[in-house]
Amino acid sequence: MDNFVNHYSVLGLPSGDEGAKLSEKEISKAYKLKALELHPDKRPDDPNAQANFQNLKTSYEVLKDENARKLFDEFLKAKQEKIRQQSVQGTKRQKMMVDLEKREQAACAPDLDAQARKEEERIAKKLRGEINSVRERHRPRAATTKSEAEGVVAATKTVCGDLSNPLLVVPLQREAAMEFPTAEKSAETENLSNLVGAGYQAFEDSVLEKLQKAARSQK
């Protein structure tokens, strides 16, 4: 029905289960009260007074007829059930829409766990690089090669040790003696050429003997 009219409401009566229990006397009493209120003679300035009064009479005639009233009560129940179902469906639909919106938001939202893992991996990689850099800076230098040791001797022209074996004494280079020529080689100079091996003992004995002579001459 496009132009639905609740006949109970027109007479100022409750509808639904409560309206179905009303007696014919109660309906007649309600009509008389409304008729006095809506009679055109009571509303001379209301252009709709006649139409409203006619609608009141129609509603009263429907409700006072037993069959018409029964059909109208069934129609009201069906309409109320439809409204209830629509309300339930609307609630379900609204919940579905809310759930759908939440799922869409979750799908579009960034993966915080993935971001945390990525950031952790980035920092770990940077840390490994820094540790390697520190290790490289503090790594001991490799042992000096023989060629490097010879280069040092050539540059300084002096007695030096083998850096790979600091306890080993390397003899003077021949060039050093050539740079500082003397009229006659002393015994000490000759012995310096034998600083390595058996010559070292002879040099040590010569020095000790000279020290002993010097001590005796002072007495």
Side-chain angles (χ1 to χ4, degrees), residues 1-140:
M1 296 178 64
D2 295 334
N3 298 320
F4 169 72
V5 177
N6 188 332
H7 299 297
Y8 288 100
S9 298
V10 172
L11 271 68
L13 296 170
S15 58
D17 293 338
E18 188 177 354
K21 298 176 182 179
L22 293 172
S23 64
E24 184 177 350
K25 184 178 181 180
E26 290 174 324
I27 292 173
S28 296
K29 180 180 180 181
Y31 168 70
K32 290 177 181 179
L33 290 175
K34 277 292 182 178
L36 291 174
E37 179 184 347
L38 299 178
H39 196 280
D41 293 342
K42 299 286 187 179
R43 298 172 176 270
D45 298 329
D46 186 0
N48 298 320
Q50 188 64 39
N52 292 336
F53 186 75
Q54 186 60 43
N55 291 336
L56 176 63
K57 288 178 65 176
T58 300
S59 295
Y60 172 63
E61 290 173 357
V62 169
L63 295 180
K64 77 176 183 176
D65 184 277
E66 183 177 353
N67 291 331
R69 181 182 177 188
K70 184 178 180 180
L71 289 173
F72 181 69
D73 288 341
E74 291 178 358
F75 172 77
L76 282 180
K77 287 182 180 180
K79 188 172 184 65
Q80 289 172 353
E81 178 64 18
K82 179 182 177 182
I83 294 173
R84 189 186 71 81
Q85 289 292 340
Q86 289 177 342
S87 177
V88 171
Q89 291 296 328
T91 301
K92 290 182 178 179
R93 186 178 295 108
Q94 184 178 8
K95 185 177 183 301
M96 289 175 61
M97 294 298 294
V98 172
D99 293 342
L100 178 61
E101 184 177 358
K102 287 182 179 180
R103 288 195 295 270
E104 290 177 349
Q105 290 177 351
C108 297
D111 189 345
L112 298 181
D113 291 339
Q115 286 186 345
R117 289 193 299 271
K118 186 175 181 181
E119 180 65 12
E120 181 182 359
E121 291 173 359
R122 185 188 69 81
I123 295 175
K125 182 177 180 181
K126 186 175 181 180
L127 178 60
R128 286 194 297 269
E130 185 63 24
I131 291 174
N132 291 335
S133 178
V134 172
R135 287 175 176 174
E136 187 65 26
R137 289 197 300 269
H138 295 279
R139 179 177 298 174

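Applying the salt bridge (charged side-chain N to carboxylate O under 4.0 Å, His left out) definition to pairs two or more places apart or across chains, those involving residues 23-34 are Lys34-Glu37. Applying the side chain to side chain donor-acceptor pair (under 3.5 Å) test to residues at least two apart or on different chains, the pairs with a partner in residues 61-70 are Tyr8-Arg69.
Leu76 CG to Leu71 CG: the interatomic distance, rounded to the nearest 0.5 Å, is 11.0 Å. Between the NZ atom in Lys77 and the CZ atom in Phe72 there is a gap of 13.0 Å [rounded to 0.5 Å].
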Could you list the donor-acceptor pairs under 3.5 angstrom formed between side-chain atoms of residues 9-22 and any protein atom two or more places apart in sequence or on another chain?
{"unit_1": "Ser9", "atom_1": "OG", "unit_2": "Asn6", "atom_2": "ND2", "d": "3.4"}
{"unit_1": "Ser15", "atom_1": "OG", "unit_2": "Asn6", "atom_2": "ND2", "d": "3.4"}

Atom pairs and distances, side-chain donor-acceptor, residues 82-89, under 3.5 Å, sequence neighbours left out:
{"unit_1": "Arg84", "atom_1": "NE", "unit_2": "Glu81", "atom_2": "OE1", "d": "3.2"}
{"unit_1": "Arg84", "atom_1": "NH2", "unit_2": "Glu81", "atom_2": "OE2", "d": "2.7"}
{"unit_1": "Gln85", "atom_1": "NE2", "unit_2": "Glu81", "atom_2": "OE2", "d": "3.0"}

Under 3.5 Å, side-chain donor or acceptor atoms of residues 46-56 against the rest of the protein: list the pairs with distances, not counting sequence neighbours.
{"unit_1": "Asp46", "atom_1": "OD1", "unit_2": "Asn48", "atom_2": "N", "d": "3.0"}
{"unit_1": "Asn52", "atom_1": "ND2", "unit_2": "Asn48", "atom_2": "O", "d": "3.1"}
{"unit_1": "Asn55", "atom_1": "ND2", "unit_2": "Ala51", "atom_2": "O", "d": "3.3"}

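Remark: Glu121 engages no residue in a salt bridge (charged side-chain N to carboxylate O under 4.0 Å, His left out) (not counting sequence neighbours). Applying the ring pair (Phe, Tyr, Trp, His ring centres under 6.0 Å) test to Tyr31 and every residue at least two apart in sequence or in another chain returns Tyr60. Among residues two or more places apart in sequence or in another chain, the side-chain hydrogen bond (donor to acceptor under 3.5 Å, both in side chains) test is passed with Glu119 by Arg122. Partners of Arg128 according to the side-chain hydrogen bond (donor to acceptor under 3.5 Å, both in side chains) rule, which considers only residues two or more places apart in sequence or in another chain, do not exist here.
In terms of heavy-atom proximity, Leu36 sits nearest to Lys42 at O-CG, 3.2 Å.
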